[in-house]
Amino acid sequence: MSKLRCVKGMHDILPEDMPKWHYLENCYRNLVSDYGYEEIRTPILESLDLFVRGIGESTDIVEKEMYAFEDKGNAKLALRPEGTASVIRAFLQNNLEALTPVSKLYYIGPMFRRERPARGRYRQFYQAGAELIGIEDATADAELIGMAVTFVKTLGIQNVNVQINSLGDPETRPAYRNALVQFFSKKKEQLCNDCVRRLDTNPLRILDCKVEACSIAAQEAPNVFDYLSDDAHSHFSDLQQLLSLHDVNFTVVPTMVRGLDYYTRTIFEIQGGADILGAQSTIVGGGRYNGLVKQLGGRNTPTIGFAFGIERLLLLLGDNAKESVKPTVFVAGVGEGGLERTIRVSRQLRNCNFKVEAPYKNGSLRSQLKRADKSSAVVAVIAGADEALQNAVTIRNMQNGEQQIVPLDELEPKIRELM
RNA sequence: GUGAGAAUAGUUCAACGGUAGAGCCCCGGCUUGUGGUGCCGGUUGUUGCGGGUUCGAAUCCCGUUUCUCACCCCA
């Protein structure tokens, strides 16, 4: 008998995991709202075309990792593989640019990529991200990177490594690309099979190849910085100056590239937890995409953003990084009319905003206290027949077993004392 | 997409060709007005799934699914 289970690469997030999720999400919401970001939620399903145009036809994500299909009306749809394209679509569709000169948007939600699952990598995974739309200055880049670094550090993740690079502008990129193709074509025999393929599809990626032969071959490859426009150059050096104002320590990695076509100028990654995450040690990735808004049909609007994978980040959190759980009050009933009294007392206590568990059926006080113990109640309220005669209940401190009889109208303050 | 390892009770694991077991968890009782510790008792499996070898398979072989790890790629 095969048990029903969720599809490959998907996973359930169980109640026991939620305190950590809530903690992380609350940290993130609080932090980005301190920087003036507001939440946006977009549909999980978009037209396939949005991602093909936004992310790039020849990217791995679009080429082989998307859940794309036709619905019954023959519309070509896809589950979103990342958040940025959808956010920019929503920005344009709803004319958010008319509201403020600068839009700061953040999102949290599930993304879908059909990859081989591994530790910290799922086919449905949760990403949170932020987009700063409308500023081209490096001040924006620096603030956004600073925000991402602050977030990771707020979570208590140590030993993070911030890497930055500049990819230049669309006008200069072809020249650099050509230079790379020319350079590597001469060294084709030294390259791994993947890189030979990349020569056609994405020559920049060769620089980032981990195969030793390739990285040796790449050592004398043309340098991006020789191909940056003056503007891009000063943008990048401004960024480096400004990052120190945000107390961000960083490394310039000229060979770093990123998997999405839309990046221009600044790209960055935050790495950490290589001992736990192995090959998945990039925890935050982002960059500038000045061309994307126009590419999706809007006006030329410079934009920068980042995203991080929640599952991956969660693996790095310590056990104390979780939302605190409200203590429980258990209401037990004994004697004639016990069950009815538990209902009345439970309602009274919930009106006072306590978290209350009640027994649902008559049983011995012993079995009810066992249940109280299982629900890790801090206080048990015993609504017994004897006390009821004086309009009172017994409250029991579940830590030390101390009890007292308390009139019903003094119940709230007496319980508060024990929490 | 490539390569490697794993899968036995709710859970952690044992059994390594000869009757599938233990700890924990869970449930009940000792104790229907007093939980945790204690004692007594109880439930639990087509050994992931499908096939093959064998008198006999959890065990050996093949396939398959899922998970894990390393690539690839990315968050």
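Sorted by first then second residue, the salt bridge (charged side-chain N to carboxylate O under 4.0 Å, His left out) pairs that include residues 30-45 of chain A, not counting sequence neighbours, are A:R29-A:E39, A:E39-A:R41. Residue pairs meeting the side-chain hydrogen bond (donor to acceptor under 3.5 Å, both in side chains) criterion with at least one member in residues 357-368 of chain A, sequence neighbours excluded: A:S364-A:S367. For the salt bridge (charged side-chain N to carboxylate O under 4.0 Å, His left out) condition, the pairs that include at least one residue of residues 246-258 of chain A, sequence neighbours left out, are A:R258-A:E269. Applying the side-chain hydrogen bond (donor to acceptor under 3.5 Å, both in side chains) rule to pairs touching residues 399-419 of chain A yields A:R396-A:Q403, A:N397-A:N400, A:E412-A:R416, sequence neighbours excluded. Sorted by first and then second residue, the side-chain hydrogen bond (donor to acceptor under 3.5 Å, both in side chains) pairs involving residues 112-123 of chain A (not counting sequence neighbours) are A:E115-A:R121.
Only A:R258, listed by number, bring a heavy atom of residues 247-258 of chain A to less than 4.0 angstrom from any atom of RNA chain B. Of the residues in residues 108-127 of chain A, those with a non-hydrogen atom less than 4.0 angstrom from any atom of RNA chain B are A:R113, A:E115, A:R116, A:A118, A:R119, A:G120, A:R121, A:Y122, A:F125, A:Q127. Contacts between residues 323-332 of chain A and RNA chain B, defined by a heavy-atom separation under 4.0 Å, are absent.
Residues satisfying the ring-ring contact (aromatic ring centres under 6.0 Å, His included) test with A:Y227, not counting sequence neighbours, are A:Y176. Scored by the ring-ring contact (aromatic ring centres under 6.0 Å, His included) test, A:Y126 finds A:W21 as partners (sequence neighbours excluded).
A side chain to side chain contact (heavy atoms under 4.5 Å, CB included) with A:L292 is found for one member of A:I55, A:T84, A:V87 and no other, namely A:T84.
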Can you pull every protein N or O that's under 3.5 Å from an N or O on nucleotides 25-30 of chain B?
unit_1, atom_1, unit_2, atom_2, d
B:C30, N4, A:R366, NH2, 2.5

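Remark: RNA chain B forms stems of 3 or more consecutive Watson-Crick or G-U wobble pairs, all pair distances under 3.5 Å, at B:1-7 with B:65-71, B:10-13 with B:21-24, B:26-30 with B:38-42, B:48-52 with B:60-64.
Using a 4.0 Å heavy-atom criterion, one finds that A:E65 contacts the sugar-phosphate atoms exclusively.
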